[in-house]
Structure formats: structure tokens, C-alpha cells
Amino acid sequence: MYRASKSLYSFPKDVEPPAQTPPAASCDGEAVEGPSVECIENTPEASEKKEESLCVPVLKDDESMEIDGDSENTPEPSEKKEESLCVHVFKNEECLESDGNVYYSFKTGGSPRSEPPHTDDDGEDLEFVTAKSAEIPPEQEALPPVADYAENPPEQEALPPVAYYNEQAIGIPVVYDYQAVDYYDWKKLGQGGFGTVYKAKYRETHYPVAIKITEIQKRYTEEIKELEEVYLMQKVSGHKNTVEYYGSMINVTPESSQLWCIMEYCCGGSLYDLQKMYRSLPEYAIQYISREVLEGLNYLHEKWIVHRDIKCMNITLTYPAKVKIIDFGLAVQLRSPDDITSGTCGTTCWMAPEVIACKYYRNCTYGLKCDIWSFGITAIEMAEGLPPYYHAFDPAALIYTYEAPTLYERNYWSESFEDFLALCLIKSPDQRPTAKMLLEHSFIKEQPMADSMENWLMDYIYSVYWNAEGYGPENAQ
């Protein structure tokens, strides 16, 4: 049996068969050159699938042919032998491929195939030749070729129209294709699920500001969810323990809509950076920071705002030794101090048990006191470097099931600090004290090292951050 290769077989037009090849009878009775051709018109399968034989001269050599069981008859590499090859052409609709070409199969000798050439049950190797590469044109027309997308690409959809926002309805200015010419010296500070925060300098005053850019998901509606953070920052701005709000705008382009929120740049970084440098803060530092954070939480709760994401990363330092709460992306406005909300929001290790319960039970709710639990976990984070259950596989289940966490090395801390944490981490929100009640605790009120702690924070901010940024206290706002 011959093993044919399309790249090694050629079909010349004007090549005479060798003179020594004896004539053979074709199916129509005329004498042809080459091997014998079997007449297949009278076979039973001819009524369903009709074949016709074509005698095509082919060139063969040792690289393009293999004779099974007879290696001695293989011609020399330099010799090229020419003979006619009987090609059985199957004229059947099943031979038409989806690419628009008609495929033909040929084999040397043997009986004609009754099944389509797509299967190979008899073990013979088939070679498929397209109508374009065959020298003898087929009698059956080929299907039209598939459209060439490289030459005729499909029409692209037009970009959506520029979104239009009513400035009076949303309460903030709308700018179309803003180029940010009012700010320079951009530097990326961080990125999260609620946007990207940059540090830049305002061109008129040369003061650094923080710019939070958030992609607006629903462009063609007046109900913009991303604006809720802006509205809350407008309410709480002005307190010494909340970040200062400067302004905001919506930057609209044909591709996207972005909410730009310009706020105070806290040059001292976050408590997470401070804790990472020292691994564990001293108790008098935790006292000073806890008092500032509780005053900020009390201010939020008096306005019926629950933050829902209190942790070291969302508490920042700025000159002169001010502690400020930032990131109101998960905050929600309640209708009264006793009002409740639902939904599992926040960072898992800092979540209160009643917030985690919303994950397992549909009807669970919580109120303002979930921030008190989160702050208690933050105090443990400042003391030990990590929150409880940080490396656990499922910290939410442990917080909800186990008792309230405590300090790991209890001998290193005062009883006042342990009692303060025990009040913050009461699992029942009804028995948990408020931020105003915790401000009256002895751990917060009795701070003999408060002045020295303030000076220590100022030195830390100046030495670590302000020297690196290239500006000093004379640029403080």
C-alpha cells in the first residue's frame, strides 16, 4: 500500500506516462496508460454514491512512498519514477466541507469504498486534495468561500453616547473630558474595590491633596450609588477626627464616567504603616489613638452614620499628630439612632458577630454598635500586630461561634486595657456600650503620657514621611 503525502505528490499537466507501462482498460472501454482501473459503476453502492476514476500521473521517490513489506523495491534517492495513479473521486454531498472546498480522496489499487472518505475503517491512508490544488477541475461546483475578515472586517459598533447628568439633581459639577490641568505631580497611593487613591498637588496653592477616582457603573441614570460616599463626607467634614472634604466632580468621556473626590492628604500615612514599622505599639500610644478614634466615631454616630469598616488601614495620621477616620465607601446613613440595617459588609476579621449573622440568616440586622466591636479588634491589632483569627481558614465562623477574643500576652498589658477591650467585644450588641460611654472609661480619660505621645507622633510623621515627600511643617494647612 502506498502512503501518499500531498506535499510530496505533484500532478503535472503535460507529462506523458512511461513507454514501458502496458496499457490498461478504463471503465469506459478505452485503453489508458498505467495500472489497471477497476470499473465501479455496476457495484451495489453506486446507486447511492457514485465514483468516477481519474488517471493522474504522479511522481514518486523514496521519501514520498513506502511499500509495506517490500523494502528492496524502494528506488534510489536520486531516481524518480513516474507512473499513473488511479484516483477514485467521490461525488457526494458529504464530501463538501464547511470551508467551501470540495475534497477528493485517492488510493492506489484496491476496491472502491462504499462509505464516505471521512472514515478509515479499512486501514488505508487517504489524502484529501482541494479543488484549488487539484490539476483536474471537479465536475461539482464548490461552495462559496467563507468571508475573509482580514480584508473585509465586520462593522464595529459605535461607541455609546456621552452620558448626561443633571448637576442640580446630583448636587456636584459635571465636567466633560477633563484633562486634570489643575493638578500635577501625581502619585498612586493605593487601590481597592471602591476606587484608586492618588496624591497630587493643587497648582494654585501647591498643597498636596488626595484624589479618589471611582468608576461609575450605571452611566445613564440619575441614581448614582457612588455618590453616597460623597454625601456622607460632606456631612462629617469639619471634625478634627474625620478626613477633610474639599470637593468632587464627575468626569465624563465617551468611554467611561468617573467620580473624582478631592479630600485632605494625610501625610502621616495609616496606623497600619505605623504598626508595621513597630510591630506592636506601646500602651500609652494605644490610649492616645483610641481616644481620638472614639471621638470620631461618636461624631459619626451622633449623625446616625455607621462606618462598617473600622480598622488600622482606615485610620490615618496627619500633622500635627492628628488621628482621622477615612474611607466612607461602606458607610450607611440611618434614619434614627435606633435604626438598623442589614447586609454583610466590611473586612471579615473586624466584623461584629451580628454583621456576620447576616451571612447565615436572612432576617438578621445590626446598628451603630457594630463599629464598637470593629474598634475593639483594631485595638488588639495595634497591640499584637494582627487581628484575632487572621490566619484561620474561616475567621467568620470562628468569630460567630467562639467567645469574644482577648489579648494573647495578657501579662504585658494593664487591667484597665483588658477591661476596656472586654467592653468593646461584648457579643450582644444590646449590652455593648456606645462610643460616648467608652470615652468615660478610665483607660481613655487617664492618659498621663498624652503630651509625650503627641510629640512622638509628630517626630514620626516629620522624619518618615515629610522628608521623603520634600515638604515640611511650613506647608501644613
Side-chain angles (χ1 to χ4, degrees), residues 189-192 197 241 266-294 296-297 309-327 346-351 371-393 395-396 398-399 402 404-425 438 441 443-444 446-469:
L189 298 179
Q191 183 176 2
V197 181
N241 296 120
C266 297
C267 56
S270 66
L271 285 183
Y272 176 78
D273 301 324
L274 178 65
Q275 174 267 327
K276 187 169 59 175
M277 176 175 290
Y278 294 97
R279 295 189 178 181
S280 177
L281 299 182
E283 186 170 323
Y284 63 87
I286 298 175
Q287 281 182 294
Y288 180 86
I289 295 172
S290 297
R291 183 185 66 184
E292 301 297 310
V293 174
L294 284 175
L297 283 178
D309 200 17
I310 295 294
K311 56 183 179 181
C312 282
M313 193 171 290
N314 290 336
I315 301 172
T316 57
L317 304 173
T318 187
Y319 187 86
K322 293 182 180 179
V323 181
K324 300 207 170 190
I325 300 173
I326 64 169
D327 197 354
T347 310
T348 304
C349 291
W350 288 264
M351 285 184 187
D371 288 339
I372 304 301
W373 176 283
S374 300
F375 172 69
I377 300 297
T378 304
I380 296 179
E381 182 186 7
M382 288 187 288
E384 297 182 345
L386 292 174
Y389 313 124
Y390 183 77
H391 296 291
F393 175 74
L398 299 180
I399 294 171
Y402 289 0
T406 58
L407 292 169
Y408 184 73
E409 297 289 345
R410 304 182 62 179
N411 297 329
Y412 294 160
W413 311 100
S414 64
E415 294 182 1
S416 178
F417 184 31
E418 292 183 4
D419 184 70
F420 175 79
L421 287 177
L423 292 175
C424 293
L425 300 177
L438 290 173
H441 194 274
F443 180 73
I444 301 299
E446 300 174 2
Q447 296 197 27
M449 304 289 293
D451 295 337
S452 61
M453 180 60 209
E454 186 174 347
N455 295 330
W456 179 74
L457 284 178
M458 291 174 61
D459 293 340
Y460 164 78
I461 295 170
Y462 182 80
S463 61
V464 176
Y465 285 90
W466 284 29
N467 288 341
E469 297 293 340

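Remember, it's a predicted structure, so these values are computed and weren't measured experimentally.
Using modelled atom types, one side-chain atom of S374 and one backbone atom of W350 make a donor-acceptor pair closer than 3.5 Å. In this structure, N241 contributes its side chain and V323 its backbone to a donor-acceptor pair below 3.5 Å. Between the T316 side chain and the G269 main chain, no donor and acceptor come within less than 3.5 Å of each other. Between the side chain of Q447 and the main chain of Q287, a donor-acceptor pair closer than 3.5 Å is present. A donor-acceptor pair is defined here as one N or O able to donate and one able to accept, closer than 3.5 Å; such a pair exists between the side chain of E384 and the backbone of Y408.
Salt-bridge formation is not detected for the pair E381/K311: no Lys NZ or Arg NE/NH1/NH2 atom is positioned less than 4.0 Å from an Asp or Glu carboxylate oxygen.
Taking CD1 from I310 and CG from L297, the interatomic distance works out to 4.5 Å, rounded to the nearest 0.5 Å. To the nearest 0.5 Å, atom CD1 of residue I377 and atom CG of residue L386 are 12.0 Å apart. The CD1 atom of I286 sits 6.0 Å away from the OG atom of S280 when rounded to the nearest 0.5 Å. Taken from OG in S270 to CD1 in I326, the straight-line distance is 7.0 Å, to the nearest 0.5 Å. The OH atom of Y390 sits 11.0 Å away from atom OG1 of T348, with the distance rounded to the nearest 0.5 Å. With values rounded to the nearest 0.5 angstrom, S414 atom OG is found 11.0 Å from F420 atom CZ.
Taking both residues in full, the closest heavy atoms of L438 and I444 are given as O-CG1, 3.5 Å, listed atom of the first, atom of the second, then distance. Pairing each heavy atom of G376 with each of C424, the nearest pair is CA-CB, 3.8 Å. Closest of all the heavy-atom pairs between M458 and A321 is CG-CB, 3.7 Å. A pairwise comparison of heavy atoms in L398 and A392 identifies CD1-CB, 3.5 Å as the closest pair. Shown here for M382 and S290, the closest heavy-atom pair between the two residues is CE-OG, 4.1 Å.
With contacts defined as side-chain heavy-atom distances shorter than 4.5 Å, the pair L457/M453 qualifies.
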Working for side chain to side chain contact (heavy atoms under 4.5 Å, CB included), residues L317 and L271: CA-CA 7 Å; L317 304 173; L271 285 183; 4.0 Å; yes
Would you please test T378 and V293 for side chain to side chain contact (heavy atoms under 4.5 Å, CB included) and show each step? CA-CA 10 Å; T378 304; V293 174; over 6 Å; no
When you look at H441 and L423, which way does the side chain to side chain contact (heavy atoms under 4.5 Å, CB included) test go after all the steps? CA-CA 10 Å; H441 194 274; L423 292 175; 3.6 Å; yes
Evaluate W413 against L421 for side chain to side chain contact (heavy atoms under 4.5 Å, CB included), listing each step before the verdict. CA-CA 11 Å; W413 311 100; L421 287 177; over 6 Å; no
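Within a 6.0 Å sphere centred on CG of D459, heavy atoms belonging to other residues, nucleotides or ligands number more than 12. Within 6.0 Å of atom OH in Y389, more than 12 heavy atoms from other residues, nucleotides or ligands are found, so the atom counts as buried in its surroundings.
There is a side-chain donor-acceptor pair under 3.5 Å between T347 and D309.
Residues passing the side chain to side chain contact (heavy atoms under 4.5 Å, CB included) test with Y278, sequence neighbours excluded: L274, L281, W456, Y460.
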